[in-house]
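Worth knowing before you read on, the calculation uses all heavy atoms, side chains too, and leaves out hydrogens, waters and symmetry mates. In what follows, chains are A, B, ... by sequence order, proteins preceding strands, each numbered from 1.
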Number of protein chains: 2
Amino acid sequence: MVKSVAREPVPARRADAERNIAAILDAGMRLLGADPAASVADVAKAAGVGRVTLYGHFPSREALVDAVLDHAIGIADLALGGVDIDEQPAPEAVAALLRSSWQVLDRHRRLFLAADRVLPMERIREHHDVPLRRIERLIARGRDDGDFRTDLPLSWLVTTFFGVLHSAAQEVESGRLEQADVERVLVTTMLSLLCP
Amino acid sequence: MVKSVAREPVPARRADAERNIAAILDAGMRLLGADPAASVADVAKAAGVGRVTLYGHFPSREALVDAVLDHAIGIADLALGGVDIDEQPAPEAVAALLRSSWQVLDRHRRLFLAADRVLPMERIREHHDVPLRRIERLIARGRDDGDFRTDLPLSWLVTTFFGVLHSAAQEVESGRLEQADVERVLVTTMLSLLCP
């Protein structure tokens with residue numbers, strides 16, 4: 001490769017790159033959230049960058065979806081941090097966390113479906129590491145308090161929390177579950193499973 | 001395209017095609033079941049057909065994985081048909097069906113992971129239509145008998161059965177769940193959820 005002589009100082013170019021990446025992630029979240037089949041070209045156009053620039057940061061559609069999912073989960077996790085789960089009994093806290101998690105997931109439902117098309121479930125789960133650790137702490141506390149069962153592995157109960165939430169997204173998208181019924185179904189399911 | 005004059009009767013060519021497809025599906029089940037990243041070329045070689053022949057029947061890796069999954073589920077469903085679920089109380093029948101479904105899924109675990117990499121979860125679920133209808137009938141019977149809860153939608157309980165089984169496959173693959181503990185975890189989880 002031919003190295004070009006830098007025409008502007010490095011920090012300025014780095015600031016440009018950061019601005020482009022932020023615009024691409026925001027546009028990706030918006031477009032993929034509206035249509036899981038949105039193309040890389042659509043996202044580049046909405047972000048106001050060229051396709052070459054986009055591919056420079058995200059070499060494939062899969063890499064783009066991966067980064068957009070991570071971005072959306074990071075923002076969602078900041079919002080979920082506002083749910084006070086330490087001040088109430090664990091069962092009430094699980095119900096509150098399920099309801100707020102569902103509202104977040106529902107808003108980003110199509111983005112999750114876009115991710116489900118190109119990323120393995122294990123990778124999608126990895127992106128949820130931070131919110132899953134919050135759920136794990138809460139379920140562990142409920143076990144210590146005697147509210148939750150201890151005959152199933154803690155990691156399995158956390159996986160089930162993650163699983164029922166994402167199943168609900170697919171059930172709503174496929175029309176098998178009424179939007180109005182989701183919060184009741186999620187809370188009933190999870191508490192039936194957690195309480196001995 | 002230039003039409004060539006048929007040199008052998010149509011039924012013979014059709015029989016060749018069927019033989020090739022059967023060999024491709026069997027090789028696909030074997031290879032993808034051992035390594036979810038197995039390539040189309042590997043499958044063609046193991047099936048004893050050329051890549052052009054394989055692509056003639058399955059135009060992409062995704063189409064191949066899709067067909068192999070369908071083939072495996074068809075065979076598995078025939079095996080599951082041998083579990084007598086009508087002669088025992090519904091909770092015992094659910095436990096028996098979970099155990100045998102797990103044994104089948106565990107044997108095809110890597111094939112399921114290969115499918116999870118290229119097919120959306122909704123598509124994987126569609127392939128399970130026949131076994132899912134069996135589970136639906138069983139849960140409906142348990143509700144009629146007064147053994148299972150009726151405050152959650154039947155379709156949601158069926159989805160949960162499907163979801164916990166596939167979560168278990170991922171938990172085992174990732175090392176978060178011990179192989180020896182799976183059947184107990186699955187049965188305890190599902191019966192906690194189904195019984196009021």
Scanning both residues in full, the closest heavy-atom pair of B:Gln170 with A:Glu122 reads NE2-N, 4.1 Å
Residue from A:Leu157, A:Asp151, A:Leu113, A:Thr159 scoring the most non-hydrogen pairs under 4.5 Å with chain B is A:Thr159
Most contact-rich option vs chain B, by heavy-atom pairs under 4.5 angstrom, among A:Arg149, A:Arg125, A:His166, is A:Arg125
Under 4.5 Å to a heavy atom of chain A? For B:Ala115 that would be neither
Among residues 171-196 of chain B, those lying within the under-4.5 Å heavy-atom range of chain A are B:Glu171, B:Ser174, B:Arg176, B:Leu177, B:Asp181, B:Arg184, B:Val185, B:Leu186, B:Thr188, B:Thr189, B:Ser192, B:Leu193
- request: Would you kindly confirm whether B:Leu98 and B:Leu154 end up in one hydrophobic cluster when ILVMFWY residues are joined by side chain heavy atoms under 4.5 Å apart?
  value: yes
Honestly, the part of B:Arg123 sitting under 4.5 Å from a heavy atom of chain A is neither
